[in-house]
Number of protein chains: 2
Amino acid sequence: MSDDDIFRALGDPTRRAIFEKLAAGALNASALREGMAISQPAMSQHLAVLRNASLVRERRQGRYVNYEVDPDGLARIAGWLSRYRAYWPARIEALRDLLKDMDQ
Amino acid sequence: MSDDDIFRALGDPTRRAIFEKLAAGALNASALREGMAISQPAMSQHLAVLRNASLVRERRQGRYVNYEVDPDGLARIAGWLSRYRAYWPARIEALRDLLKDMDQ
DNA sequence: GCAATACATAAGCGAAGACTTATTTGATTC
DNA sequence: GAATCAAATAAGTCTTCGCTTATGTATTGC
């Protein structure tokens with residue numbers, strides 16, 4: 001797990017889509033594939049990359065492997081982003097709107 | 001400019017290094033290269049990718065081109081991250097405090 | 001134990017991407 | 001306007017990466 005792993009993992013649009021799907025709720029690898037024109041090995045490989053970046057973690061349940069968002073990876077992105085907060089005031093309105101959205 | 005452009009741009013460690021250097025203060029392309037074992041065209045290409053992702057913007061000054069962090073890209077990352085607020089409540093509080101500070 | 005199911009790993013292929021050298025464009029100075 | 005310097009673009013090479021097919025490893029149920 002490193003910034004490198006994280007950003008490289010998110011650099012692929014398919015992996016971001018997988019992550020976003022997981023963010024809506026934990027799923028096993030097969031369920032994740034539904035509606036996602038992607039082969040079983042490809043999904044497995046993507047999950048391995050996300051796992052290695054601490055963006056996702058697995059919990060084996062019987063013969064299924066349940067995947068869920070790992071907050072560690074997200075926290076790390078937040079940490080990276082916070083280093084540039086000096087530039088946020090320039091976009092304060094956008095941030096304010098963002099927070100408003102989050103409130104409801 | 002899209003999430004795709006942004007994450008793809010940050011997916012490369014050299015580009016992140018360039019961005020981080022710029023975050024410490026605006027620099028022209030030549031100055032950026034200092035201490036960075038990277039050719040002039042390579043730097044130019046990296047800057048083009050970062051620019052296209054709205055992570056960086058240029059301002060031509062004479063025959064130099066000054067580069068600086070573009071808050072738009074950062075705001076967009078913040079936006080992406082905010083969609084997963086459910087997984088990092090503590091960080092949201094920090095952001096809220098930050099905005100409160102900035103208000104006065 | 002054996003068949004079936006869920007997932008992971010191996011090996012190889014093709015496309016994308018990060019570099020290189022060479023050249024071009026734009027701006028300054030004499 | 002010729003020489004010089006900063007940066008961008010072009011074209012080609014080599015590496016990385018995301019995919020494929022094939023096979024291996026767990027786990028379940030008969």
Side-chain angles (χ1 to χ4, degrees), chain A residues 1-22 25-70 73, chain B residues 1-70 73:
Chain A
M1 192 252 245
S2 69
D3 285 356
D4 219 77
D5 295 327
I6 290 179
F7 283 109
R8 209 181 66 74
L10 293 177
D12 180 66
T14 302
R15 272 192 298 266
R16 275 204 316 286
I18 293 170
F19 179 83
E20 285 165 27
K21 223 170 170 182
L22 279 180
L27 287 173
N28 60 55
S30 301
L32 265 173
R33 283 184 60 206
E34 280 167 24
M36 276 205 84
I38 191 176
S39 72
Q40 180 268 315
M43 175 59 79
S44 184
Q45 286 159 17
H46 281 310
L47 287 170
V49 173
L50 288 167
R51 203 179 335 119
N52 194 54
S54 295
L55 282 164
V56 141
R57 60 189 174 200
E58 65 170 38
R59 249 183 323 146
R60 191 167 256 282
Q61 277 178 338
R63 62 179 156 185
Y64 292 82
V65 178
N66 229 275
Y67 280 92
E68 62 185 1
V69 166
D70 185 342
Chain B
M1 193 250 243
S2 69
D3 284 358
D4 219 77
D5 294 327
I6 290 179
F7 283 110
R8 209 182 64 73
L10 293 177
D12 180 66
T14 302
R15 273 193 296 268
R16 273 205 317 288
I18 293 171
F19 178 84
E20 286 165 27
K21 223 169 170 185
L22 279 181
L27 287 174
N28 60 55
S30 301
L32 265 173
R33 284 184 60 206
E34 278 167 26
M36 274 204 86
I38 191 176
S39 72
Q40 180 268 316
M43 175 60 77
S44 184
Q45 287 159 15
H46 281 309
L47 287 171
V49 173
L50 289 168
R51 200 175 343 116
N52 193 54
S54 294
L55 283 163
V56 142
R57 61 189 173 199
E58 64 169 39
R59 250 183 322 145
R60 191 168 255 282
Q61 277 177 339
R63 61 181 158 187
Y64 291 82
V65 177
N66 229 275
Y67 280 91
E68 62 186 359
V69 167
D70 185 343

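Every chain is numbered from 1 and lettered A, B, ... according to where its sequence line falls, protein lines coming before strand lines.
- Within the nucleic acid shown, B:R33 has no heavy atom closer than 4.0 Å to any nucleic acid atom.
- Using a 4.5 Å heavy-atom cutoff, the side chains of A:N28 and A:Q61 are not in contact.
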**Q.** B:R8 and B:V49: CA distance, side-chain angles, deciding distance, side chain to side chain contact (heavy atoms under 4.5 Å, CB included) verdict
**A.** CA-CA 9 Å; B:R8 209 182 64 73; B:V49 173; 4.3 Å; yes

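- Atom CZ in B:R16 sits roughly 12 Å away from atom P in C:dA18 (whole-Å rounding).
- The interatomic distance linking A:Q45 (CD) with D:dT21 (C1') rounds to 11 Å, in whole Å.
- Using a 4.5 Å cut-off on side-chain heavy atoms (C-beta onward), B:L27 and B:Y67 make no contact.
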(Q) Could you go through A:I18 and A:V56, starting from their C-alpha distance and side-chain angles, then the distance that decides it, and tell me whether this counts as side chain to side chain contact (heavy atoms under 4.5 Å, CB included)? (A) CA-CA 10 Å; A:I18 293 170; A:V56 141; over 6 Å; no

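- Sequence order on DNA chain D of the closest nucleotides to A:Q61 and A:A42 puts A:A42 first from the 5' end.
- Looking at the side chain of A:E58, the nearest of the listed nucleotides C:dA8, D:dA8, D:dA10 is C:dA8.
- When each of B:L47 and A:D12 is assigned the nucleotide of DNA chain D with its nearest heavy atom, B:L47 is the one assigned upstream, toward the 5' end.
- You'll find that the side chain of B:P41 is closest to C:dA22, out of C:dA22, C:dC19, D:dT20.
- In the set C:dC19, D:dA8, C:dA8, C:dC19 carries the atom at the smallest distance from any side-chain atom of B:T14.
- Side-chain contact between B:T14 and B:H46: present, with at least one pair of heavy atoms (C-beta onward) separated by less than 4.5 Å.
- In this entry the distance linking CE of A:M43 with P of C:dA8 reads 10 Å, nearest Å.
- Rounded to a whole Å, the CE atom of A:M36 is 14 Å from the P atom of D:dG18.
- The side chain of A:Y67 contributes no N or O atom lying less than 4.0 Å from OP1 or OP2 of C:dA6.
- For A:R63, whose side chain is taken as the heavy atoms from C-beta onward, the closest listed nucleotide among D:dA11, C:dA6, D:dA6 is C:dA6.
- Considering only side-chain N and O atoms, B:S39 lies nowhere under 4.0 angstrom from the phosphate OP1 or OP2 of C:dC19.
- Each of B:Q40 and A:Y64 lies near DNA chain C, and the nucleotide nearest A:Y64 is the one positioned closer to the 5' end.
- Contact between the side-chain N/O atoms of B:R8 and the OP1/OP2 oxygens of C:dG17 is found at a separation under 4.0 Å.
- Considering only side-chain atoms of A:R15, the nucleotide from D:dG18, C:dA18, C:dA27 that sits closest is D:dG18.
- Within 4.0 Å of A:R51, counting heavy atoms only, lie sugar-phosphate atoms of the nucleic acid but no base atom.
- Atom CG of B:N28 and atom P of D:dC5 are 15 Å apart (whole Å).
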